[in-house]
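Structure record follows, encoded as structure tokens.
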Amino acid sequence: MQGILYEEPSIWQFLFITVIMGGWTAWRTGKSVAENWQNYTTLLIYVALLGVAIRFIHHALFHGSMLTVQYYVVDTAVLLLFATLGYRYYRTRQMTNNYYWLYEKASLFSWKSK
């Protein structure tokens, strides 16, 4: 997998920077977009910018390449997963709490009409 999904010599660097640090930041970004009633397109723009920031951290701390499309796409895909989960979780909470007479939770990430 090294060389395909990540460029660092150890998977632990990829997991720490992209999955843990980036994932937490992406989750909080999804939360913020949902709580401000913004749409999913806004989240996509924020995640694309967050992907650039994560690539910079890889570059600055571990001398990774900054402008590699392959690794940017991998990092951004991981971030988009976490951001989408955060967005759906908080939007579901929002819809079921604010419109409790109309909607109920179907799962952690979706709601349904009563």
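Quick caveat: nothing in here was measured; it's all calculated off a predicted structure. Computed from heavy atoms alone, side chains included, the values below leave out hydrogens, waters and symmetry copies.
- Linking Ile, Leu, Val, Met, Phe, Trp and Tyr whenever their side-chain heavy atoms come within less than 4.5 Å leaves V78 and L85 in two separate clusters.
- Contact between Y90 and A34 at its shortest, heavy atoms only, is CB-CB, 4.0 Å.
- Heavy-atom contacts from other residues, nucleotides or ligands closer than 6.0 Å to OH of Y40 number more than 12.
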Intermediate values then yes/no, side chain to side chain contact (heavy atoms under 4.5 Å, CB included), I54 and T76 = CA-CA 9 Å; I54 292 298; T76 305; over 6 Å; no

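- Scored by the side-chain contact (heavy atoms from CB on, under 4.5 Å) test, V73 finds V69 as partners (sequence neighbours excluded).
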What side-chain donor-acceptor pairs closer than 3.5 Å can you find for residues 99-107, not counting sequence neighbours?
{"unit_1": "S107", "atom_1": "OG", "unit_2": "F109", "atom_2": "N", "d": "3.2"}
{"unit_1": "S107", "atom_1": "OG", "unit_2": "S110", "atom_2": "N", "d": "3.4"}
{"unit_1": "S107", "atom_1": "OG", "unit_2": "S110", "atom_2": "OG", "d": "3.0"}

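- Listed by chain and residue number, T29, L50 satisfy the side-chain contact (heavy atoms from CB on, under 4.5 Å) test with T25 (two or more places apart in sequence, or in another chain).
- Cluster annotation: V19 is not connected to V52 through the hydrophobic network of ILVMFWY side chains, with a link wherever side-chain heavy atoms come within less than 4.5 Å.
- Heavy-atom neighbours of W37 CH2 from other residues, nucleotides or ligands within 6.0 Å: above the threshold of 12.
- For the atom pair OG1 (T92) and CG (N97), the distance works out to 10.5 Å, reported to the nearest 0.5 Å.
- Legend: salt bridge (Lys or Arg N to Asp or Glu O under 4.0 Å) pairs involving residues 62-73, not counting sequence neighbours: none detected.
- With sequence neighbours excluded, the residues forming a side-chain hydrogen bond (donor to acceptor under 3.5 Å, both in side chains) with T18 are H58, D75, listed by chain and number.
- Side-chain contact check for M66 versus Y71: every heavy-atom pair is 4.5 Å or farther apart.
- In this structure, the ring-ring contact (aromatic ring centres under 6.0 Å, His included) partners of Y89, at least two apart in sequence or on a different chain, are W27.
- Considering CD of Q13 and CD1 of I57, their distance stands at 13.0 Å, rounded to 0.5 Å.
- With rounding to the nearest 0.5 Å, the separation of CD in Q94 from CG in N36 is 8.5 Å.
- Atom CZ in F56 sits 11.5 Å away from atom CG in L67 (nearest 0.5 Å).
- Looking at residues two or more places apart in sequence or on another chain, you find no side-chain hydrogen bond (donor to acceptor under 3.5 Å, both in side chains) involving Q38.
- Note that NZ of K114 and NZ of K112 are 10.5 Å apart. Values are rounded to the nearest 0.5 Å.
- Contacts classified as salt bridge (Lys or Arg N to Asp or Glu O under 4.0 Å) and involving residues 24-34 (residues at least two apart or in different chains) are given here: K31-E35.
- For A83, the side-chain contact (heavy atoms from CB on, under 4.5 Å) test picks out A26, L43, V47, with sequence neighbours left out.
- The side-chain hydrogen bond (donor to acceptor under 3.5 Å, both in side chains) test applied to N39 returns T42, not counting sequence neighbours.
- Interatomic distance, CZ of F82 versus CG of L79, reported as 8.5 Å (0.5 Å rounding).
- Under a hydrophobic clustering in which Ile, Leu, Val, Met, Phe, Trp and Tyr are joined whenever their side-chain heavy atoms come within less than 4.5 Å, directly or via other members, V33 and W111 fall into different clusters.
- Hydrophobic clustering (side-chain heavy atoms under 4.5 Å, transitive across Ile, Leu, Val, Met, Phe, Trp, Tyr) groups F62 together with F16.
- No donor-acceptor pair under 3.5 Å is formed between the side chain of H59 and the backbone N or O of S65.
- Sparse packing is recorded around OH of Y46, with 12 or fewer heavy atoms of other residues, nucleotides or ligands lying under 6.0 Å away.
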